[in-house]
Amino acid sequence: MSHCHSCHVQIDIPEGARRIVLVGNPNAGKSVFFNSLTGMYVDVSNYPGTTLEISHGRYQGDVVIDTPGVYGISSFNDEERVARDVILSADVVINVVNAVYLERDLFLTQQVIDTGVPVIVALNMVDEAARQGIKIDHQLLSDLLGVPVIPTVAIKKQGLTELKQSIWQARPGHSDEELQKQLDQLLNQVGSRGDALLILEGDSTVAERHGLQPFNLREEIYLKRRQRVNQVVSQVVKEVNKKTALGQALSRLMIKPLTGVPILLLTLYAMYQIIGVFVAGTVVGFTEETVMIGHFEPFVRSVVGQFISEKSALGTILIGEFGLLTMTFTYVLGLLMPLVIGFYFFLSLFEDSGYLPRIATLVDRVLTSIGLNGRAVIPLILGFGCVTMATITTRLLGSERERRIAIFLLGLVIPCSAQLGVISGMLASVGPAFVALYTLVILSVLVVVGTLMNSLLSGQSSDLLIDLPPLRLPRISNVVTKTSIKSYQFLKEAFPLFALGALLISTFQVSGILAFLQNALSPLTVSWLGLPKEAATAFIMGIVRRDFGAAGLAGMPLTPIQTVVSLITITLFVPCIASILVMFKERSKKEAAIMWLSTWVIAFLIGGTVNQLATLLGTSTTQQILTVMGAISLIALLIILAVRLFKGHSHRPNLN
């Protein structure tokens with residue numbers, strides 16, 4: 001391990017190997033450089049003391065380390081602390097800069113240069129800058145910064161070869177003269193220019209490592225650094241007047257409510273038609289019924305049946321209805337994998353095109369009403385992929401209050417990709433009116449619970465600060481790579497948990513526990529929810545994985561209203577085991593326990609209420625379904641008004 005007295009990076013460095021550290025603002029394109037340098041030899045590990053993952057790999061015998069996207073290095077949050085420690089340990093820093101936002105990105109560049117580490121700048125997205133009429137003199141920029149600057153278009157692999165050839169030409173750059181004098185005075189005490197800079201900037205963590213008090217010069221240093229960056233940009237950037245490109249015009253339309261909402265609805269409708277109708281119907285019909293149930297399961301039963309009777313206890317556990325070797329493979333490979341691939345394909349399209357942050361901007365005002373801001377749409381959308389990982393990404397939110405609200409809503413109303421796929425497939429068979437009923441109920445729960453938490457929890461939601469990367473056509477190679485990696489990660493995670501679930505359910509079946517639980521829960525499942533008592537099995541399976549429970553419902557003969565009630569209940573039901581564990585890790589044990597138990601209560605309360613309203617008002621015609629929807633909307637509205645009235649009354653000053 002190379003010597004680094006100022007960091008705690010736990011990465012094994014081979015003898016003689018050097019640290020190449022990638023640094024950049026969010027959306028600068030670092031991941032493309034990282035993949036180009038490391039190829040397939042990549043490892044991911046949690047940074048000590050955080051849930052942040054650090055990617056590292058090999059390049060020509062040296063080690064490449066990726067850092068989280070940050071705007072500066074200090075102790076403001078986990079991302080900055082990790083970036084700071086990794087940068088201070090670097091032998092060379094490759095700073096990836098977005099040419100479109102040069103004025104913003106160069107602040108981080110100058111701060112890294114001020115630490116004294118050797119730097120080379122990858123001036124990325126120069127093609128996009130040119131399209132927007134921005135011309136940058138990269139040679140002059142190199143002279144002014146004092147470090148090499150290589151123009152690149154990473155996604156097209158332009159400039160990557162030159163960057164690789166120039167890595168070891170990286171050198172320390174130019175700093176402000178007055179700052180240089182202050183650094184020289186402190187350098188004798190701390191022995192590290194990077195540490196000296198951060199102590200001057202008031203970083204208490206670094207100061208404490210050296211037994212010193214932090215200086216209070218951050219505002220002064222930051223102001224001078226901003227002035228220096230502005231001077232550099234004014235000299236190297238020339239803006240050429242050009243007609244507004246189609247991409248810029250479309251980008252503006254995407255973030256205006258009048259046009260952005262219809263665009264978002266059309267996008268979601270297309271996503272539903274492809275995943276919910278085509279994939280869930282045609283593709284899954286082939287993979288699950290023809291391949292797995294038609295060929296795979298009979299083959300497994302014939303092979304295992306030669307040694308173990310299917311009617312025996314062990315045979316039931318291995319190849320029975322909920323068999324370890326039958327249901328696990330059928331559900332994961334036949335039912336869930338096509339749906340998961342379809343969802344991650346769309347999510348990758350949103351990410352690669354730059355549409356995801358525009359959705360955040362569009363929904364900011366709506367999310368503010370439930371105590372969040374537009375940035376929360378990122379973990380909420382990621383939750384449709386995996387609630388577990390989305391729960392971790394709530395750390396990007398600005399306050400504990402926002403993280404608390406987001407984590408609870410993720411565990412309650414957001415179905416993961418596998419569960420969403422099953423839900424879409426089941427809804428596709430019940431008709432548009434019932435789909436609208438399901439959607440209305442879930443959105444109503446989201447708004448009501450969010451409003452309640454926003455009213456009951458102290459504090460205010462923070463303002464939205466998010467970058468809008470250039471809107472571009474997604475590159476199929478990037479989309480396919482992201483989809484493949486995420487789908488493989490799902491497969492790796494899902495198989496053991498589904499096997500555990502199958503083992504649990506089949507063991508319960510053999511021992512009679514399953515029948516006992518079905519009977520014990522029948523007052524809830526039959527009388528209150530109006531479902532067959534076998535639905536209890538799906539809820540028990542849902543504790544292992546939510547999508548496991550949803551998949552259990554898929555095989556039951558349910559009426560349209562039973563389908564909707566069961567899907568509402570399973571959507572709001574407890575998160576999977578992995579999500580629960582992360583919830584307990586992110587929040588206190590008491591708070592996580594309250595959140596977990598609350599999902600049980602809310603799931604059965606809402607599911608039963610919908611069933612009772614449907615029984616009372618009827619659902620045999622579209623008009624009756626609309627009446628049920630109207631009743632649900634009225635209840636939600638009355639709750640929201642009551643909460644806001646109570647909040648207003650409690651905040652009213654006492655005039656007596």
Practice prompt. Taking atom CG of L258 as the centre, report whether more than 12 heavy atoms of other residues, nucleotides or ligands fall under 6.0 Å from it.
Written response: no
Worksheet entry | Lys/Arg N to Asp/Glu carboxylate O, K30 vs D66, below 4.0 Å | yes
Item to complete: Using the side-chain contact (heavy atoms from CB on, under 4.5 Å) rule, take S142 and H138 through it: C-alpha gap first, then chi angles, then the decisive distance, then the call.
Response: CA-CA 6 Å; S142 175; H138 71 274; over 6 Å; no
Worksheet item: Are I94 and I167 close enough that some pair of their side-chain heavy atoms sits under 4.5 Å apart?
Response: yes
Worksheet item: Is there a side-chain contact between Y355 and I263, using heavy atoms and a 4.5 Å cut-off?
Response: yes
Discussion item. One pair to check against side-chain contact (heavy atoms from CB on, under 4.5 Å): V82 and T67. What are the steps and the verdict?
Written reply: CA-CA 7 Å; V82 171; T67 59; 5.8 Å; no
Worksheet, complete the sentence: Residues passing the salt bridge (charged side-chain N to carboxylate O under 4.0 Å, His left out) test with K224, sequence neighbours excluded, are E178, E220
Worksheet item: Got more than 12 heavy atoms from elsewhere within 6.0 Å of CG, L223?
Response: yes
Practice prompt. Carefully, step by step, assess D85 and S89 under the rule side-chain contact (heavy atoms from CB on, under 4.5 Å).
Written response: CA-CA 6 Å; D85 286 351; S89 73; over 6 Å; no
Worksheet item: Does the N25 side chain pair with the main chain of A28, one donor and one acceptor, at a distance under 3.5 Å?
Response: no
Worksheet item: Side-chain donor-acceptor pair under 3.5 Å between R358 and S353, yes or no?
Response: no
Worksheet entry | Verdict with supporting geometry, K482 and D352, salt bridge (charged side-chain N to carboxylate O under 4.0 Å, His left out) | CA-CA 9 Å; K482 287 181 181 179; D352 213 56; 3.7 Å; yes
Worksheet item: Any donor-acceptor pair under 3.5 Å linking the side chain of N230 with the backbone of E103?
Response: no
Discussion item. I'd like to check L144 versus L140 (side-chain heavy atoms, cut-off strictly below 4.5 Å). Are they in contact?
Written reply: yes
Worksheet item: Hey, is the main chain of V261 close enough, under 3.5 Å, to the side chain of K256 for a donor-acceptor pair?
Response: no
Practice prompt. With rounding to the nearest 0.5 Å, note down the distance linking CZ in R218 to CG in L198.
Written response: 9.0 Å
Worksheet item: Q182 versus L217: any side-chain heavy-atom pair under 4.5 Å?
Response: yes
Practice prompt. Return yes if some donor-acceptor pair links the side-chain N/O of S192 with the main-chain N/O of D195 below 3.5 Å, else return no.
Written response: yes
Worksheet item: Rounded to the nearest 0.5 Å, how far apart are CG of L145 and CG of L141?
Response: 4.5 Å
Worksheet item: Judged by atom type as modelled, is there a donor-acceptor pair below 3.5 Å linking the side chain of T394 to the main-chain atoms of I407?
Response: no
Worksheet item: When rounded to the nearest 0.5 angstrom, what is the spacing between OG in S348 and CD1 in I485?
Response: 9.0 Å
Worksheet item: Does the pair D176/R225 count as a salt bridge with the N-to-O cut at 4.0 Å?
Response: no
Worksheet item: Between L409 and I370, is any pair of side-chain heavy atoms under 4.5 Å apart?
Response: yes
Discussion item. Evaluate Q180 against R193 for side chain to side chain donor-acceptor pair (under 3.5 Å), listing each step before the verdict.
Written reply: CA-CA 10 Å; Q180 185 65 55; R193 180 186 167 103; 2.9 Å; yes
Item to complete: Could you tell me whether the side chain of T483 and the main chain of V479 form a donor-acceptor pair under 3.5 Å?
Response: yes
Fill in: Student check: side-chain heavy atoms of E80 and I73 closer than 4.5 Å
no
Worksheet item: About how many Å separate CD1 of I65 and CG of D91, when rounded to the nearest 0.5 Å?
Response: 9.0 Å
Discussion item. Using a 3.5 Å distance criterion without hydrogens, assess whether the side chain of D105 forms a donor-acceptor pair with backbone atoms of V97.
Written reply: no
Worksheet entry | N124 and F33, any side-chain heavy atoms less than 4.5 Å apart | yes
Worksheet item: D114 and Q110: side-chain donor and acceptor closer than 3.5 Å?
Response: yes
Worksheet item: Is there a donor-acceptor contact under 3.5 Å linking the side chains of Q231 and R226?
Response: no
Worksheet, complete the sentence: salt bridge (charged side-chain N to carboxylate O under 4.0 Å, His left out) filter on D127, not counting sequence neighbours, yields R131, K156
Discussion item. Would the distance check show the side chain of T259 and the main-chain N or O of L253 forming a donor-acceptor pair, the cut-off being under 3.5 Å?
Written reply: yes
Worksheet item: With sequence neighbours left out, which residue pairs that include part of residues 102-132 fulfil the ring-ring contact (aromatic ring centres under 6.0 Å, His included) condition?
Response: F107-Y222
Worksheet item: Between the main-chain N or O of V93 and the side-chain N or O of R19, is there a donor-acceptor pair closer than 3.5 Å?
Response: no
Discussion item. Donor-acceptor pair, distance only, cut-off 3.5 Å: does the side chain of N454 make one with the backbone of G450?
Written reply: no
Worksheet entry | Polar side chain donor-acceptor pair, T152 to K157, under 3.5 angstrom | no
Worksheet item: CD1 of I113 to OG of S175: how many Å apart, nearest 0.5 Å?
Response: 7.0 Å
Worksheet item: Under 4.5 Å between any side-chain heavy atoms of I20 and Y59, yes or no?
Response: yes
